[in-house]
Amino acid sequence: MSVSTSVRIARIIQYLDAKYGKIDWWQGDIDEVLIGAILTQQTRWENVERALKELKRQGLCSIEAISLTNKKSVQMAIRSNGFYRIKTERLKSLASFVMGRYGGIEGMARESTRGLRKNLLEISGIGEETADSILCYGFQRTSFVIDAYTERICKCLGLNEKRSEYKKLFEKVLPLSALSYQLTHAHIVEYAKEYCGKKRCGECSLKILNE
DNA sequence: GACCAGGTCCTTG
DNA sequence: CAAGGACATGGT
């Protein structure tokens, strides 16, 4: 006899919070978070940092600068990130959206969470995870980020839902605060990187939370 | 050299 | 809807 899905989710959250607590994760100004949200797609964080560093060095680490700079320059700056051509397209799309629709990030920050999410998802190259990362880590909104790691960990626990369902479950269980959403997602990533690699799934100690 | 990484889009069945 | 390929560099 196993417990309900919500209770399992709550136990994961509690277990990880006890293990990691208030870790520093994805700090940085809002421009950096928006740019990083695209750079981190299917890419190791070390590669993201390389590209961010180079963008900063060239004074290109802002939405406004990206919108004003030619593609070739952006491509060269983020080359070490990987997927540099398609990600340049995505960065340019995001930047022209922010500048064109809101006149900049400050204007964007006045938009409702619903409106922002809907608009972000209409930008080519921005899917659910990237949109939620921008909302949660960039704009401090309560939109929980579900990524491949979250899915993997939940699967380890015998859950088998779609990402949209996990999002609802975590949002139901967590307190309504951007900080707790940020921390929990960060905890999941840290845990999964350490214990739930593709070859190690199945040894997950979180299984004890199923009883 | 093989395999993988904090996704998303496009094409097929 | 589910599955598979493309996009690319850098670390193990």
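Convention: sequence-line order gives letters A, B, ...; per-chain numbering from 1.
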**Q** I'd like to check, for A:Trp45, whether its ring lies over the base of B:dG6 with centroids under 5.5 Å apart and a plane angle smaller than 30°.
**A** yes
**Q** Ignoring backbone atoms, test whether A:Arg152 places a side-chain nitrogen or oxygen under 4.0 Å from the OP1 or OP2 oxygen of B:dA5.
**A** yes
**Q** Of all the choices, C:dT9, B:dT8, B:dA5, which nucleotide is nearest to the side chain of A:Thr130 once you look at every atom?
**A** B:dT8
**Q** Fit a plane to each ring of A:Trp26 and A:Trp45, take the angle between them on a 0 to 90° scale, and name the class: parallel (under 30°), tilted (30 to 60°) or perpendicular (over 60°).
**A** perpendicular
**Q** Of the nucleotides C:dT9, B:dG6, B:dC9, which one has an atom closest to the side chain of A:Ser124?
**A** B:dC9
**Q** Quiz question: going by heavy-atom distance under 3.5 Å, is there a donor-acceptor pair between the base of C:dT9 and the side chain of A:Asn81?
**A** no
**Q** Please figure out whether A:Ile126 or A:Thr40 has its closest DNA chain B nucleotide nearer the 5' end.
**A** A:Thr40
**Q** Check the orientation of A:Tyr102 and A:Phe97. Use parallel for under 30°, tilted for 30 to 60°, and perpendicular for over 60°.
**A** perpendicular
**Q** Write down the distance separating the P atoms in B:dG6 and C:dA3, rounded off to the nearest Å.
**A** 22 Å
**Q** Taking the nucleotide of DNA chain B with the nearest heavy atom to each, does A:Tyr137 or A:Gly125 sit closer to the 5' end?
**A** A:Tyr137
**Q** What closest approach, in Å, do A:Ile66 and A:Lys92 show between heavy atoms, and which atom pair accounts for it?
**A** O-NZ, 3.0 Å
**Q** Nearest to the side chain of A:Arg50 - B:dG6, C:dT9, C:dG10?
**A** C:dG10
**Q** Closest to the A:Gln41 side chain: B:dG6, B:dG7, C:dG10?
**A** B:dG7
**Q** Can you tell me, in whole Å, how much space there is between the P of B:dC4 and that of C:dG5?
**A** 14 Å
**Q** Look at A:Gln42 and B:dG7 and indicate whether a side-chain polar atom (N or O) is within less than 4.0 Å of OP1 or OP2.
**A** yes
**Q** Could you check how far CZ of A:Arg44 sits from P of B:dA5, rounded to whole Å?
**A** 7 Å
